[in-house]
*Asks:* 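Pasting a structure below so you can have a look.
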Amino acid sequence: MATAFQDSLNFTLPDSATLGEKSSNFSVISISNQHADAEISIQGAHIYRFQPKGHTPVLWLSEQSFFESDKAIRGGIPLCWPWFGDHGSDPQLPAHGFARTAPFELLNIQDDPLGQTQITLRLTHQSFNQSYWPEAFILDVAITVGQSLTVSMTMYNQSQSPCVFGSALHSYFHISDINQVSIKGLDQATYYDKVKDFEMDTHNGDITFDQEVDRVFVGTKEAVTIIDSGLNRSITISKSGSESTVIWNPWVDKAATMKDLHHGGYQTMVCVETANALDDTRTIAGNASHTISTTIAVNHL
Ligand code: BG6
């Protein structure tokens, strides 16, 4: 039976897509095409499942995640925007901005000639005006579900004046065991260590984990690869419009303080975030735009 939400759409759904509710009044899109299965929440334009055929899920999702209005989903790819982390001057404002809990509009879903499914969602200042961020904007999110996954977020500055913002495609990856993964691609990169009050340091070699890691690597344009010997696969995260990369795992103590993270959940996740954070905070001129994009590809080792 068609929901009111489905009735409100002004396009025809392709066979690859169905609309439903993850919980009461929490609308989601399920995609199943020849390449992959995926699930996307309209709130936050948030993809929380991506599973190419022949693989276990690539995105991690907490078993205790909320699927409620005004609460962010713990897992998948929450969108941090228009700032990354804590707000610069007002600690009362939501961490990572407001996009991840905002009511996006579903603009279109279509299959392309390669059999991939393309989903477009939009947020505007007219539809979601926040008094604490009185900018005139359009925020478009384009998701392509194929053998790989691409998520692009474009901000159009609708005013004549420049606008400053930060962002991240805060990607949670499903891994076998945090003790069995390494991350390649950040050798010799400079980072701010959030665990050490933003102390700066340089990383040498691959990244491995034996404690909480919360680092913003700056000057990083290149792809990063997770090598997961336990699942016998690699996940390559390539990007554009971003020169900062966040690596995060909360480890035991911080994970225990997070209500929406299931017991032991930190062991099977790692975040590799395509960002515009800290030194990479952006200014968009009046009537200009900026796109940040990531493509996630998985391969057997
Ligand atoms: C990361 C930050 O991007 O997100 C961490 O670097 C933070 O400091 C983490 O803890 C999760 O944030 P939140 O707001 O989703 O709990």
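Computed from a prediction, not measured in an experiment: that's the story for all the values here. These values consider heavy atoms only, across backbone and side chains, with no hydrogens, waters or symmetry-generated copies. Each ligand, and each atom within it, is numbered from 1 in the order the structure gives.
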*Asks:* Among protein heavy atoms, which sits nearest to atom 16 (O) of ligand 1, and what does the distance come to when rounded to 0.1 Å?
*Replies:*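 Closest protein heavy atom to atom 16 (O) of ligand 1: Arg74 NH2, 3.1 Å.
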*Asks:* Please state which protein non-hydrogen atom is closest to atom 12 (O) of ligand 1 and give its distance, to 0.1 Å?
*Replies:*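 Ranking protein heavy atoms by distance from atom 12 (O) of ligand 1, first comes His96 NE2, 3.4 Å.
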*Asks:* Can you give me the closest heavy-atom contact between Glu212 and Lys254, atom names plus distance?
*Replies:*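 Shortest heavy-atom contact: OE2-CD, 3.5 Å.
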*Asks:* Looking at atom 1 (C) of ligand 1, what's its closest protein heavy atom, distance included?
*Replies:*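 Here the closest protein heavy atom is His170 NE2, 3.4 Å.
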*Asks:* Which of the numbered atoms in ligand 1 are under 4.0 angstrom from any heavy atom belonging to Asp214?
*Replies:*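 Answer, ordered by atom number: 2 (C), 5 (C), 6 (O), 8 (O).
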*Asks:* Considering residues, nucleotides and ligands other than Lys196, do more than 12 of their heavy atoms fall under 6.0 Å from its NZ?
*Replies:*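 No, the 6.0 Å shell around NZ holds no more than 12 heavy atoms from other groups.
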*Asks:* Under 4.0 Å from a heavy atom of Glu273: which atoms of ligand 1 are those, numbered in the order shown and with their elements?
*Replies:*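 Atoms satisfying the 4.0 Å criterion: 1 (C), 3 (O).
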*Asks:* Using a strict 4.0 Å cut-off to heavy atoms of Lys254, name the atoms of ligand 1 that fall inside it.
*Replies:*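 Here the atoms of ligand 1 in question are 10 (O).
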*Asks:* So among His35, His174, His300, which one has a ring pair (Phe, Tyr, Trp, His ring centres under 6.0 Å) with His55?
*Replies:*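 Of all the options given, the one that passes is His300.
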*Asks:* Give a yes or no on whether Lys194 atom NZ has more than 12 heavy-atom contacts from other residues, nucleotides or ligands under 6.0 Å away.
*Replies:*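 For Lys194, atom NZ is crowded (more than 12 foreign heavy atoms under 6.0 Å).
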*Asks:* On a heavy-atom basis, which atom in Ser242 and which in Ala275 lie closest, and how many Å separate them?
*Replies:*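 Closest heavy-atom pair between Ser242 and Ala275: OG-O, 2.7 Å.
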*Asks:* State the atoms of ligand 1, each with its element, that fall below the 4.0 Å cut-off from a heavy-atom position in Phe84.
*Replies:*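 In order of number, 3 (O), 6 (O).
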*Asks:* Would you mind checking which non-hydrogen protein atom is closest to atom 11 (C) of ligand 1, with the distance to 0.1 Å?
*Replies:*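 Minimum-distance protein heavy atom for atom 11 (C) of ligand 1 reads Trp248 CH2, 3.5 Å.
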*Asks:* Please report which non-hydrogen protein atom sits nearest to atom 14 (O) of ligand 1, along with the residue it belongs to and the distance in Å to one decimal place.
*Replies:*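 It is Arg100 NH2, 2.9 Å.
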*Asks:* Tell me, yes or no, whether the heavy-atom count around Asp15 atom CG, taken from other residues, nucleotides or ligands under 6.0 Å, exceeds 12.
*Replies:*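 Not buried by this count: 12 neighbours or fewer within 6.0 Å.
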*Asks:* Where does the angle between the aromatic ring planes of Phe26 and Phe67 fall among parallel (under 30°), tilted (30 to 60°) and perpendicular (over 60°)?
*Replies:*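 Correct class here is perpendicular.
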